[in-house]
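What follows is a single structure, written as structure tokens, with notes after it.
Both counts, for ligands and for their atoms, begin at 1 and track the order of listing.
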Amino acid sequence: MPVESDRSGIRRSAQEDLLHPESEFIQRDRSLHPPALTPTYKTSVLRSPRIPLWSLQNSLSEVTGPVFTPEDIGPLDNDLILNYAKDGEPIGERIIVHGHVLDENGRGVPDTLVEFWQANAAGRYRHVNDRYLAPIDPNFGGCGRTLTNAEGYYAFRTIKPGAYPFRNFVNSWRPAHIHFSIFGSGCVQRLITQMYFEGDPLLRHDVIAGTIPDPEAVKRLVAPLDLDAAVPLDCLAYRFNIVLRGRRSTLFENKLQGN
Ligand SMILES: [Fe+2]
């Protein structure tokens with residue numbers, strides 16, 4: 001039986017799909033994910049489930065929705081440099097983050113809601129529970145959103161976030177990172193992940209990224225510097241592509257793009 005392999009590393013057979021038409025979605029390969037219980041990351045001890053998960057039948061609305069349109073997005077929602085600016089622009093390194101949201105066959109996924117939130121350049125979140133002694137930036141809110149275009153591309157402008165400490169073990173620091181949420185037709189529920197920056201020496205010490213069993217999966221969370229997308233004398237740029245397991249795709253006769 002021929003086995004397809006796509007750029008996300010997912011392996012499955014086309015005939016296997018046809019044998020299980022009742023399954024609207026390809027099952028997630030949980031061996032790629034961190035174990036739910038990873039005591040080195042202390043929060044996981046209380047968060048991890050104690051009983052096996054149940055699989056439920058997908059409903060029609062889960063398979064076909066939700067649907068987002070450009071009218072849902074404000075003009076500055078994808079510009080964290082300006083969307084909270086009061087009496088000046090935020091302090092820090094100006095960057096563009098951009099990428100391609102792809103389905104399991106390597107095709108761009110249009111009209112997908114991409115949301116992002118992050119600490120400011122000093123590593124402080126604008127959040128009531130963040131008590132880190134680094135200052136709040138009065139001109140930086142730290143969150144935004146955008147939609148992928150017709151080809152599945154997204155981009156936003158922001159300030160590069162700083163590292164911050166958290167209460168886990170002594171000297172537990174988070175590397176610079178941006179939190180992402182992906183949501184759109186066929187997602188069933190929003191997908192959450194974190195993007196890291198190429199070359200960050202704190203990444204190899206991070207207990208949260210360290211819960212991911214496959215080093216190659218960690219690499220896929222690291223955005224490389226992309227000088228081609230930088231704006232001279234203005235912004236550096238990083239590229240972060242996001243590959244969705246997504247909805248089971250119809251097998252088209254034409255060659256699948258990206259394979
Ligand atoms: Fe964070």
Side-chain angles (χ1 to χ4, degrees), residues 33-48 77-81 83-84 90-99 101 113-146 154-183 189-213 215 217-225 236-242:
H33 287 253
L37 177 63
T38 48
T40 52
Y41 174 31
K42 285 202 287 191
T43 310
S44 74
V45 175
L46 291 178
R47 281 184 182 165
S48 51
D77 283 1
N78 69 341
D79 191 346
L80 279 64
I81 293 179
N83 72 7
Y84 205 85
I91 300 291
E93 189 177 324
R94 299 157 64 87
I95 61 170
I96 292 165
V97 177
H98 75 106
V101 177
L113 181 66
V114 182
E115 299 173 286
F116 21 86
W117 61 101
Q118 62 168 94
N120 67 22
R124 176 82 182 262
Y125 283 97
R126 181 177 287 282
H127 190 281
V128 65
N129 291 338
D130 190 342
R131 304 294 167 83
Y132 180 32
L133 52 79
I136 286 176
D137 186 330
N139 294 307
F140 190 71
C143 53
R145 58 186 182 171
T146 189
Y154 75 93
F156 63 94
R157 208 166 68 138
T158 187
I159 296 293
K160 189 175 181 184
Y164 60 81
F166 72 113
R167 296 182 188 282
N168 189 64
F169 297 114
V170 174
N171 255 339
S172 290
W173 288 77
R174 296 302 328 281
H177 62 278
I178 299 178
H179 297 267
F180 275 75
S181 165
I182 313 297
F183 201 19
Q189 62 178 3
R190 65 187 194 137
L191 303 166
I192 309 290
T193 192
Q194 296 182 35
M195 181 202 104
Y196 303 97
F197 292 84
E198 177 186 359
D200 190 333
L202 283 172
L203 184 56
R204 67 176 182 272
H205 300 287
D206 184 35
V207 296
I208 294 180
T211 62
I212 300 171
V218 177
K219 284 184 187 171
R220 292 197 289 271
L221 300 179
V222 178
L225 179 71
L236 281 174
Y238 290 85
R239 187 178 66 254
F240 183 48
N241 290 342
I242 298 166

**Prompt:** Hey, is NZ on K219 packed in by over 12 heavy atoms from elsewhere, all under 6.0 Å?
**Reply:** no
**Complete:** The NE2(H179)-the Fe ion (ligand 1)-OH(Y164) angle, to 10°, is 160°
**Message:** Quick check against the 3.5 Å criterion: does N120 have a side-chain atom that pairs as donor or acceptor with the backbone of P135?
**Reply:** yes
**Single hit among E93, Q118, R94 for side-chain hydrogen bond (donor to acceptor under 3.5 Å, both in side chains) with T158** = Q118
**Item:** Under 3.5 Å: donor-acceptor pair, side chain of R174, backbone of P165
**Value:** no
**Request:** Could you tell me whether any N, O or S atom belonging to Q194 is less than 2.8 Å from the Fe ion (ligand 1)?
**Result:** no
**Request:** May I ask you to check whether Y125 brings an N, O or S atom to under 2.8 Å from the Fe ion (ligand 1)?
**Result:** yes
